[in-house]
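In what follows, a structure is listed as structure tokens, so that the remarks can point back to it.
So that the names make sense, note that chain A is the first sequence line, chain B the second, and so on, each numbered from 1.
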There are 2 protein chains.
Amino acid sequence: MEKTNALSAFAALSQPLRLEVFRLLITRGEDGMLAGEIAHAMDVRQNTLSANLSVLLHAGLVRNTREGRAIRYFADTEGLRGLLGFLLQDCCGGRPELCQPLIEDLTCGC
Amino acid sequence: MEKTNALSAFAALSQPLRLEVFRLLITRGEDGMLAGEIAHAMDVRQNTLSANLSVLLHAGLVRNTREGRAIRYFADTEGLRGLLGFLLQDCCGGRPELCQPLIEDLTCGC
DNA sequence: TTCACATTTCAATAATTCATGAATTATGGA
DNA sequence: TCCATAATTCATGAATTATTGAAATGTGAA
């Protein structure tokens with residue numbers, strides 16, 4: 001991941017609606033959700049959601065695919081991994097002892 | 001870490017200067033850097049840097065301590081860990097098999 | 001075709017964020 | 001005390017971002 005990508009991803013996650021949408025999509029895994037379903041779940045208008053999904057999309061944090069006249073969105077796990085990798089890559093600065101405990105203690109809490 | 005904290009942290013990291021400053025501080029570890037040194041390294045004015053350091057500070061991503069008339073800044077590793085933990089905690093959504101590969105493949109690249 | 005549905009795109013306004021110059025606070029030394 | 005240094009705070013204008021209503025696109029069914 002490049003710096004520009006990372007900046008886009010952080011910006012995308014720094015907006016309440018987008019952070020919630022991303023978290024929601026993450027919990028859905030490969031089931032994903034239709035844009036309309038997400039809009040209903042989040043209680044926002046379709047065009048507002050659409051604009052924000054577009055931001056997440058360009059940041060590489062979600063993917064989508066058309067299903068008839070609806071569009072299904074998924075969290076992009078690869079994108080998230082790239083972002084975390086970027087952060088952790090820059091965290092070491094030649095000092096592996098700094099990263100080691102940081103990575104070791106990470107759990108998903110489940 | 002709460003949602004509000006996470007939003008602050010993502011917003012803080014979504015600005016080019018702040019992302020660079022944070023990465024720089026991470027590489028310095030416990031040596032940290034004086035505010036003036038950072039401003040010089042980044043080639044920005046003191047008040048511009050100060051405003052941005054303040055954002056990182058309130059986001060819990062850096063710490064500081066006074067040294068005479070100078071102020072030394074450090075990356076807050078705990079804050080970073082909290083942020084990553086927040087992301088990963090919400091990534092599982094009851095499906096540990098989603099997180100496992102994400103965490104396992106993470107390395108700091110050194 | 002024609003219509004309805006799901007979603008996106010567009011244009012405009014409202015809100016937020018950013019860098020700057022000027023002023024202020026805090027510390028140390030003469 | 002008085003001055004110089006290090007950094008922060010404040011107010012302003014410029015730039016960016018977000019939400020909305022309206023219009024447009026794309027798909028499927030009658």
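- Between A/E20 and B/K3 there is a salt bridge, since at least one side-chain N of the basic residue sits less than 4.0 Å from a carboxylate O of the acidic one.
- Each of B/Q46 and A/R18 has a nearest nucleotide on DNA chain D; the 5'-most of these lies closest to B/Q46.
- In this model, the phosphate group of D/dA7 is not approached by any side-chain N or O of B/S50 to a distance below 4.0 Å at OP1 or OP2.
- Nucleotide D/dT12 holds its P atom 16 Å from the CG atom of B/N47, rounded to whole Å.
- One can place CZ of A/R66 at 9 Å from P of D/dG26, the figure rounded to the nearest angstrom.
- In this structure, B/L49 atom CG and D/dA7 atom C1' are separated by 10 Å, rounded to whole Å.
- D/dT17 atom P lies 11 Å from atom CG of A/L7, rounded to whole Å.
- In this structure, the CZ atom of A/R69 is 10 Å from the P atom of C/dT7, given to the nearest Å.
- Nearest heavy-atom pair across B/T27 and B/L24 is OG1-O, 2.6 Å.
- Residue B/T48 places its side chain closer to C/dA19 than to any other of D/dG26, D/dA18, C/dA19.
- As rounded to whole Å, 10 Å separates atom C1' of C/dT7 from atom CG of A/L53.
- In this structure, the separation between CD on B/E30 and OG1 on B/T77 is 7.0 Å, given to the nearest 0.5 Å.
- For C/dA19, the OP1/OP2 oxygens have a side-chain nitrogen or oxygen of B/N52 closer than 4.0 Å.
- The minimum heavy-atom distance linking B/A41 with B/M33 is given by the pair CB-CE, 4.3 Å.
- Whole-Å rounding puts the B/L34 CG to D/dT8 C1' distance at 15 Å.
- Distance CG (A/L19) to C1' (D/dA18): 16 Å, rounded to an integer number of Å.
- Between B/Y73 and D/dA6 there is no side-chain polar atom (N or O) within less than 4.0 angstrom of OP1 or OP2.
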